[in-house]
Amino acid sequence: MARTRPSLRRALAAGLTVLATATAALVATAGPASAATTPGIDVSRYQGSINWTSVRNAGIQFAFIKATEGTSYKDPNFNTNYVNAYNAGVIRGAYHFARPNISAGSTQAAYLASNGGAWSADSRTLPAALDIEANPYSGGYCYGLSTTGMRNWIQDFLNTYRSRTGRYAVIYTTTSWWNQCTGSWTGPWANHPLWLARWASAPGTLPAGASVWSFWQYTSTGAVSGISGNVDRNYWNGDRSRLIALANNT
């Protein structure tokens with residue numbers, strides 16, 4: 001995920017077996033080869049100024065855009081990216097980089113909802129994503145939390161986001177991190193779309209209990225017209241009409 005330390009992120013993620021899943025109710029297929037997929041990206045301030053019209057003309061149909069991190073950081077390019085993506089016809093969603101060792105899940109979910117992560121049924125706004133993965137800062141791979149503590153933190157975040165917006169948040173994670181740091185927790189996957197992170201040619205093994213991925217981040221070194229330099233590339237596991245259905249909660 002593009003955020004504060006891209007080189008460290010790449011070092012942490014390169015060796016991980018990563019993935020994301022979504023709700024079986026949303027999509028029923030297992031990979032790009034078996035059904036239609038829809039191309040997308042995720043971005044943060046590290047992509048600099050983005051020409052969203054060029055991005056859309058290049059075939060990109062959705063984007064997750066970094067909004068917040070912890071309880072005090074808002075991406076300085078978020079507002080511009082979020083509005084310009086919408087105006088270009090890109091289905092957009094916000095994402096929050098979790099810092100479970102600095103404040104409660106409920107606190108960070110409220111911060112996200114108040115700083116770009118709100119939702120509206122306008123055919124172009126996805127529920128926001130919780131980016132929960134290996135800790136790039138001090139405090140340990142699992143942020144110093146036990147598996148029970150991590151489950152409680154994530155559930156607190158998810159419950160608060162749903163109470164604030166009426167939507168189930170998307171969860172971005174890797175299979176290895178999820179299984180280690182949550183103790184192979186299966187609870188969220190009945191309702192929360194999985195955004196799988198695995199930089200490879202196939203999704204691979206999903207987190208425990210996840211039967212399908214909804215979004216898959218398959219590379220961190222993609223190229224897209226309208227963006228200078230590398231950008232994370234993603235698939236939605238379905239066609240655009242199903243992505244709009246997720247956006248509208250229908």
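It should be emphasised that the depicted structure is a prediction, and the values quoted were computed from it without experimental measurement.
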> Counting only N and O atoms by type, is there a donor-acceptor contact under 3.5 Å from the side chain of Tyr161 to the main-chain atoms of Pro127?
Replying inline: no
> Which pair of heavy atoms, one from Gln47 and one from Asn230, lies closest together, and at what distance?
Replying inline: NE2-O, 3.2 Å
>> Whether the side chain of Ser225 engages the backbone of Ala58 through a donor-acceptor N/O pair (distance < 3.5 Å, no angle test) should be reported.
In response: no
> Between the side chain of Gln108 and the main-chain N/O of Arg99, is any donor-acceptor distance below 3.5 Å?
Replying inline: yes
>> Tell me whether Tyr141 shares a hydrophobic cluster with Leu145, the cluster being built from Ile, Leu, Val, Met, Phe, Trp, Tyr side chains joined at under 4.5 Å.
In response: yes
>> Could you tell me if the side chain of Leu130 sits less than 4.5 Å from the side chain of Ile154, heavy atoms only?
In response: yes
> What pair of heavy atoms forms the shortest contact from Ser54 to Gly226, and how long is it?
Replying inline: CB-CA, 3.7 Å
>> side-chain hydrogen bond (donor to acceptor under 3.5 Å, both in side chains) for Thr219 and Thr221? Distances and angles first, verdict last.
In response: CA-CA 6 Å; Thr219 183; Thr221 57; 3.1 Å; yes
> With a 3.5 Å cut-off and no angle check, do the side chains of Glu133 and Thr174 form a donor-acceptor pair?
Replying inline: no
> In chain order, what residues pass the side-chain hydrogen bond (donor to acceptor under 3.5 Å, both in side chains) check against Arg124, with sequence neighbours excluded?
Replying inline: none
>> Applying ring pair (Phe, Tyr, Trp, His ring centres under 6.0 Å), can you list everything that pairs with Trp153, at least two apart in sequence or on another chain?
In response: Phe157
>> Within the 4.5 Å heavy-atom criterion, are Leu158 and Pro188 side-chain neighbours or not?
In response: yes
> How many angstroms lie between atom CG of Asn79 and atom CG of Asn115, to the nearest 0.5 angstrom?
Replying inline: 8.5 Å
> Hey, would you say the Tyr95 and Tyr172 ring centroids sit under 6.0 Å apart?
Replying inline: no
>> Nearest 0.5 angstrom please: Thr107 OG1 to Asp156 CG, how far?
In response: 7.5 Å
> Can you check whether Phe215 and Phe62 have ring centres sitting under 6.0 Å from each other?
Replying inline: yes
> Mind checking whether Phe78 and Tyr111 sit in one hydrophobic cluster, side chains of I, L, V, M, F, W, Y counted as touching below 4.5 Å?
Replying inline: no
> When you measure from the side chain of Thr175 to the backbone N and O of Thr205, does any donor-acceptor pair fall under 3.5 Å?
Replying inline: yes
>> Can you list everything that forms a salt bridge (Lys or Arg N to Asp or Glu O under 4.0 Å) with Arg167? Sequence neighbours excluded, please.
In response: none
> How far apart are the C-alpha atoms of Asn84 and Ile50, what are their side-chain angles, what is the distance that settles it, and do they pass the side-chain contact (heavy atoms from CB on, under 4.5 Å) test?
Replying inline: CA-CA 9 Å; Asn84 290 349; Ile50 297 174; over 6 Å; no
> For Glu69 and His96, what are the C-alpha separation, side-chain angles and deciding distance, and is it a side-chain hydrogen bond (donor to acceptor under 3.5 Å, both in side chains)?
Replying inline: CA-CA 5 Å; Glu69 179 172 325; His96 173 83; over 6 Å; no
> In Å, rounded to the nearest 0.5 Å, how long is the span from CG of Asn179 to OG1 of Thr147?
Replying inline: 11.5 Å
> Can you find a pair of side-chain heavy atoms, one from Val212 and one from Asn237, that are under 4.5 Å apart?
Replying inline: yes
> Sub-3.5 Å donor-acceptor pair from the side chain of Trp119 to the main-chain atoms of Thr125, do we have one?
Replying inline: yes
> Does the side chain of Thr250 pick up a donor-acceptor pair with the side chain of Asn248 at under 3.5 Å?
Replying inline: no
>> Please tell me whether Trp216 and Trp199 form a close aromatic pair, meaning their ring centres lie under 6.0 Å apart.
In response: no
>> As a quick check of understanding, evaluate side-chain contact (heavy atoms from CB on, under 4.5 Å) for Ile60 and Val55, giving each step before the final call.
In response: CA-CA 6 Å; Ile60 297 301; Val55 169; 3.6 Å; yes
> Which residue pairs satisfy the disulfide bond (SG atoms under 2.5 Å apart) criterion with at least one member in residues 166-250, sequence neighbours excluded?
Replying inline: Cys142-Cys181
>> Minimum heavy-atom separation for Ser114 and Arg164, please, with both atom names.
In response: OG-NH2, 2.9 Å
> Which pair of non-hydrogen atoms, one from Ser103 and one from Thr71, has the smallest distance, and what is that distance?
Replying inline: OG-CG2, 3.1 Å
> How far does NZ of Lys66 sit from CG of Asn77, to the nearest 0.5 angstrom?
Replying inline: 11.5 Å
> Any side-chain heavy atom of Pro203 sitting closer than 4.5 Å to one from Arg198?
Replying inline: no
>> Please verify the inter-ring angle class for Trp189 with Trp178; under 30° counts as parallel, over 60° as perpendicular, anything in between as tilted.
In response: tilted
> With hydrophobic residues grouped by side-chain heavy-atom distances under 4.5 Å, do Leu246 and Ile244 end up in a single group?
Replying inline: yes
>> For a side-chain contact (heavy atoms from CB on, under 4.5 Å) check, start with the C-alpha distance between Thr38 and Arg242, then their side-chain angles and the critical distance, and finish with the verdict.
In response: CA-CA 10 Å; Thr38 301; Arg242 295 307 306 150; over 6 Å; no
> Are Leu126 and Leu243 close enough that some pair of their side-chain heavy atoms sits under 4.5 Å apart?
Replying inline: yes
> Within 45° of the six-membered ring axis of Phe64 and under 6.0 Å from that ring's centre, is NZ or CZ of Arg92 located there?
Replying inline: no
> Is there side-chain contact between Leu206 and Trp213, with at least one heavy-atom pair below 4.5 Å?
Replying inline: yes
> Do Asn101 and Tyr137 come within less than 4.5 Å of each other through their side chains, counting heavy atoms only?
Replying inline: no
> With a 4.5 Å limit on heavy-atom distance, are the side chains of Trp177 and Met150 in contact?
Replying inline: yes
> In chain order, what residues pass the side-chain hydrogen bond (donor to acceptor under 3.5 Å, both in side chains) check against Asn152, with sequence neighbours excluded?
Replying inline: none
> Shortest non-hydrogen contact from Arg233 to Pro39?
Replying inline: NH2-CB, 4.1 Å
> What distance do Asp42 atom CG and Asp232 atom CG have between them, rounded to the nearest 0.5 Å?
Replying inline: 4.0 Å
> Does Thr182 offer a backbone N or O that forms a donor-acceptor pair with the side chain of Arg151 under 3.5 Å?
Replying inline: yes
> Closest approach of Ala169 and Pro193, non-hydrogen atoms and distance?
Replying inline: O-CD, 3.7 Å
> Going through the checks in order, is the side-chain contact (heavy atoms from CB on, under 4.5 Å) test met by Asp75 and Thr68?
Replying inline: CA-CA 6 Å; Asp75 190 290; Thr68 51; over 6 Å; no
>> Using the side-chain hydrogen bond (donor to acceptor under 3.5 Å, both in side chains) criterion, which residues pair with Asn249? Sequence neighbours excluded.
In response: none
> Quick one: CG on Asn159 to OG on Ser106, what's the gap to the nearest 0.5 Å?
Replying inline: 9.5 Å
